[in-house]
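Each remark here refers to the structure printed beneath this line.
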Amino acid sequence: MPNDVPAARLPALLAAMPKAELHIHIEGSLEPELIFQLAQRNGVALPYASVDELRKAYAFTNLQSFLDIYYAGASVLLQEQDFYDMAWAYLLRAQADNVLRAELFFDPQTHTARGVPMETVIQGLHRACTDARIQLGVDAELILCFLRHLSEAEAFATLEQALPWRDLFIGVGLDSSELGHPPEKFARVFAKCRQLGLHLVAHAGEEGPPAYVWAALDVLKVERIDHGVQSVHDPALMQRLVRDRIPLTVCPLSNLKLCVFPKLADHNLRQLLDAGVVATVNSDDPAYFGGYLNENFLQTFAATGMDARHAYRLAANSFEGSFAQADAKQRYRDRLDAVFAAHG
Ligand code: ADE
Ligand code: ZN
């Protein structure tokens, strides 16, 4: 579809093109400045003396080394307004990156375990999503994630606690420590969520093997795979992803910071796209990984030499892979085409 775009104009096009973000943990958008502000507001003691000291701790070697700091950062969230402020700050950034739709993961167990009521979490996030739709033109929705290092019984209890607010989230996901916690562990709770008509996604193939991606698809019956970059090691799995148009929500800067790839130039996003996989670009935990959505696009394109056709494909995939209604998807796609026509 896109006309040839000179390389010099590609960064402006990447920034301007309308897009959807399908893989953002809202707790991972908590910037160190806001962590300190909320800690002060709520009287929470932090094990870091300053914003700079906290930022210096953001040197990760793998997923677990990040998760330990990420859960500590979330400990400052106590009141509904805290959840609102966190989500609103992200949604402002999303609007600036020309995000038309954002599907926000949240980790309720991180908060309920500290005594924060489920209602506080969901209502604060939901209010920010509602305001974003009206004030920012960003269609924001929530996806509740179960922590896979906890038990399936705890996931069931979390679902039960969230059901009074069933209309305020569109789906469920599975996140946290992947290795040693295969998707099968959550087969029954995902079956229940499916019965409830919730959309289903799961992290798989971030650090874990292709077998975890197969299990997410065949046992959990998810509609999208979060990350999924290890799928390239299994040709039959690649065929399956392409044939069934299973979206992968790829997070390049996250993969770089968590040492999934040694350099951005080694990232396999281009390989996935060129193989026909419905891959998308996402920020995962932008406050921790050095960039929001456009930064992910800009750095990845600079490192891998992808072109305007890849950019168009990625944006179109993000709308196709979203859980928006068909008429909204068409509107997003029309806006994408208009921007590409103007840049042609
Ligand atoms: N929670 C927040 N970010 C995550 C990631 N990249 N993988 C698994 N769980 C997460
Ligand atoms: Zn993630």
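Both counts, for ligands and for their atoms, begin at 1 and track the order of listing. Fair warning: this is a prediction, and the values are worked out from it, not measured in the lab.
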* Taking the six-membered ring for Trp and the full ring for Phe, Tyr or His, determine whether the centres of Phe83 and His111 are under 6.0 Å apart. => yes

* To do: Step through it carefully: locate the ring centre of His203, locate the ring centre of Phe105, and say whether they are under 6.0 Å apart.
  =>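 Ring-ring flag for His203/Phe105: true, centres closer than 6.0 Å.
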
* Would you check if the Zn ion (ligand 2) lies under 2.8 Å from any N, O or S atom of Asp284? => yes

* the Zn ion (ligand 2) to nearest N/O/S of His203 below 2.8 Å -> yes

* Asked: Under 4.0 Å from ligand 1, counting heavy atoms only, is it the side chain of Leu67, its backbone, both or neither?
  -> side chain

* Asked: Does ligand 1 have a heavy atom under 4.0 Å from the side chain of Leu63, from its backbone, from both, or from neither?
  ->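 The part of Leu63 near ligand 1 is the side chain, not the backbone.
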
* ring-ring contact (aromatic ring centres under 6.0 Å, His included) between Phe289 and Phe66, intermediate numbers included -> CA-CA 10 Å; Phe289 299 148; Phe66 153 70; 4.8 Å; yes

For [atom], the protein heavy atom that lies nearest, with its residue and separation:
{"atom": "atom 7 (N) of ligand 1", "answer": "Glu206 OE1, 2.8 Å"}
{"atom": "atom 9 (N) of ligand 1", "answer": "Ser176 N, 2.8 Å"}
{"atom": "atom 3 (N) of ligand 1", "answer": "Asp285 OD2, 2.7 Å"}
{"atom": "atom 1 (N) of ligand 1", "answer": "His25 CE1, 3.5 Å"}

* What N/O/S atom of His25 gets nearest to the Zn ion (ligand 2)? ->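 Distance check against the Zn ion (ligand 2) picks out NE2 in His25.
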
Between [X] (side chain) and [Y] (backbone), is there a donor-acceptor pair under 3.5 Å?
{"X": "Asn282", "Y": "Ile24", "answer": "no"}
{"X": "Arg114", "Y": "Leu77", "answer": "yes"}
{"X": "Ser283", "Y": "Asp285", "answer": "no"}

* To do: Tell me, with the steps shown, if Arg313 and His310 meet side chain to side chain donor-acceptor pair (under 3.5 Å).
  => CA-CA 5 Å; Arg313 197 68 273 146; His310 292 105; over 6 Å; no

For [X], the ligand 1 atoms whose distance to one of its heavy atoms is below 4.0 Å:
{"X": "His203", "value": "5 (C), 7 (N), 8 (C)"}
{"X": "His227", "value": "6 (N)"}
{"X": "Phe66", "value": "2 (C), 3 (N)"}

* Sub-3.5 Å N/O-N/O distance, Asp284 and ligand 1 -> yes

* Asked: If we ignore angles and hydrogens, is there a donor and acceptor under 3.5 Å between the side chains of His233 and Gln230?
  ->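 Yes, a side-chain donor-acceptor pair sits under 3.5 Å.
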
* Asked: Any side-chain donor-acceptor pair under 3.5 Å between Thr120 and Glu80?
  -> no

